[in-house]
Chemist: 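Before I ask anything, let me first share the structure, which is written out below as structure tokens.
Chain identifiers are assigned alphabetically (A, B, ...) following the order of the sequence lines, protein sequences preceding nucleic acid strands; residue numbering begins at 1 within each chain. Worth knowing before you read on, the calculation uses all heavy atoms, side chains too, and leaves out hydrogens, waters and symmetry mates.
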Protein chains: 2
Amino acid sequence: MSPRKRASEELTKEMIIKEARSQFEKTDFQTVSMRNIAKNLGCSHGAIYYHFKNKADLFYTIIEQYFSKLNLLIDEVVEGSEADENKLQQVFFKFIEFGLNHQSQYELMFMLRNKEVDALAQKAANESYQKFANTVHSLSAQKLSVAEVWSIFLALHGFVSYYRGFVDRFEDAKAAAEVHVNFILKKM
Amino acid sequence: MSPRKRASEELTKEMIIKEARSQFEKTDFQTVSMRNIAKNLGCSHGAIYYHFKNKADLFYTIIEQYFSKLNLLIDEVVEGSEADENKLQQVFFKFIEFGLNHQSQYELMFMLRNKEVDALAQKAANESYQKFANTVHSLSAQKLSVAEVWSIFLALHGFVSYYRGFVDRFEDAKAAAEVHVNFILKKM
DNA sequence: CTCCCAATTGACCACCGGTTAATTAAAAGT
DNA sequence: ACTTTTAATTAACCGGTGGTCAATTGGGAG
């Protein structure tokens, strides 16, 4: 019936990503659908497939951006002017904050075990962890072992993966996060 | 066409639970479907609804059993004859082992954030945690604070929730688990 | 031997999902 | 002005889900 619309209403990759990201802020991967993204954009769901090969393609594009974002957060802390001890604490904090303020993304980045998205995401996740590990290692006073850094990561991950969905924003778990981070710091 | 079968082939609640549990060992909650359970049982999916109100009902029944199982594992360790220090370590181990050998169940017990199953499961989860916390507290040499026990739980949870899906059985992560448990035990 | 009723079936409902082929129209190129 | 390219729409396909329900079946009770 209604034909195509253009010029003023051109559909761009960016628009799709933006909408997908927005839906993604509210629910999880499984729940977000191509059809719903299209509906909210006021276009047909078929149109999205002109810009993205498939759902995994679209979502991996988004995930990549969030890995960059996380890496950037770590860099920012490192380039700060505080004492290393404080920086270390801040890195832990930032990680938790990121995880709880981008829960759906964190899920896809570090929790999803899914054939579709995996191969690519796993690689990015490993790289991201390497950055984290190197940073933690170089910031710690008495140099930590590889295993210790890994345990630290797991402990942080445990915090995020538990409070995720249970709490809406990082602020709601800030106090608990403080306690947990101190617990980790005590172990080193 | 094919008529009803009875007596020899009677469908019982136990059979349904068994099959659901079995499917549940292989995939997650979302993936396991009433229809597939029925197919594997050689009955129609409608029949299942005669025995269980709905999917959540069926699955909560299963989850309850697994909470009991976890509680039992903790009890077994406590009633052992070793030193408290060793018992503590064993409790941590058993928790991880349970989590990785019953991944889908663990997911439903401690990870799923879902309106359907939640209300009931959350209560059971809290009770189960209380048991864990009390046990850890009473086994620790210099008595741990409530917050410390919680952090320990989160650290263990981090291990399980990371290796889940990444590894098939506990054995595949046993070495890593040892390292992680030692990290947690350090300085306490 | 018949009748009852628990147990079971299978069709049906109303959704959801991703994906794709055919079609249309706007914009760009000539 | 015309063709070509490009971006969008449409509608259908295919497969899945949970859930309901009238009709049926057959085992066991009387």
Chemist: When you match B/Ile48 and A/Asn36 each to their closest nucleotide on DNA chain C, which lands nearer the 5' end?
Modeler: B/Ile48
Chemist: Please report, rounded to the nearest Å, how far the P atom of C/dT19 is from the CZ atom of A/Phe52.
Modeler: 13 Å
Chemist: Considering only C/dT9, D/dT9, C/dA7, which nucleotide approaches the side chain of B/Tyr50 most closely?
Modeler: C/dA7
Chemist: Round to the nearest Å and state the distance from A/Gln30 atom CD to C/dG18 atom P.
Modeler: 10 Å
Chemist: Of all the choices, C/dG17, D/dT9, C/dT9, which nucleotide is nearest to the side chain of A/Ser44 once you look at every atom?
Modeler: D/dT9
Chemist: Stepwise, does the salt bridge (Lys or Arg N to Asp or Glu O under 4.0 Å) test hold for A/Lys123 with A/Glu127?
Modeler: CA-CA 6 Å; A/Lys123 187 167 164 286; A/Glu127 286 169 11; 3.3 Å; yes
Chemist: Starting from P on D/dT17, measure out to CG on B/Leu58 and report it in whole angstrom.
Modeler: 15 Å
Chemist: Give the nucleotide from the list C/dT19, C/dT8, D/dT20 with an atom nearest to the side chain of B/His45.
Modeler: D/dT20
Chemist: Can you tell me how far P of C/dA7 sits from CD of B/Glu14, to the nearest Å?
Modeler: 13 Å
Chemist: Is there a donor-acceptor pair under 3.5 Å between the side chain of A/Gln103 and the backbone N or O of A/Val167?
Modeler: yes
Chemist: Using heavy atoms to find the nearest nucleotide of DNA chain D for A/His51 and A/Arg35 separately, return the residue whose nucleotide is more 5′.
Modeler: A/His51
Chemist: Would you say the ring centers of B/Tyr163 and A/His157 fall short of 6.0 Å from each other?
Modeler: no
Chemist: Does C/dG17 have OP1 or OP2 sitting under 4.0 Å from an N or O in the side chain of A/Ser33?
Modeler: yes
Chemist: In whole angstrom, what separates B/Lys39's NZ from D/dT17's C1'?
Modeler: 12 Å
Chemist: Starting from P on D/dG18, measure out to NZ on B/Lys53 and report it in whole angstrom.
Modeler: 15 Å
Chemist: Roughly, in whole Å, what's the span from CE in A/Met34 to C1' in D/dA8?
Modeler: 15 Å
Chemist: Out of C/dT8, C/dT9, D/dG19, which has the shortest distance to the side chain of B/Leu11?
Modeler: C/dT8
Chemist: Between D/dT9, C/dG18, D/dT20, which one does the side chain of B/Tyr49 approach most closely?
Modeler: D/dT20
Chemist: Please confirm whether the ring centroid of A/Phe110 lies under 6.0 Å from the ring centroid of A/Phe67.
Modeler: yes
Chemist: Could you grab the distance from atom CZ of B/Phe29 to atom CZ of B/Phe24, nearest 0.5 Å is fine?
Modeler: 7.0 Å
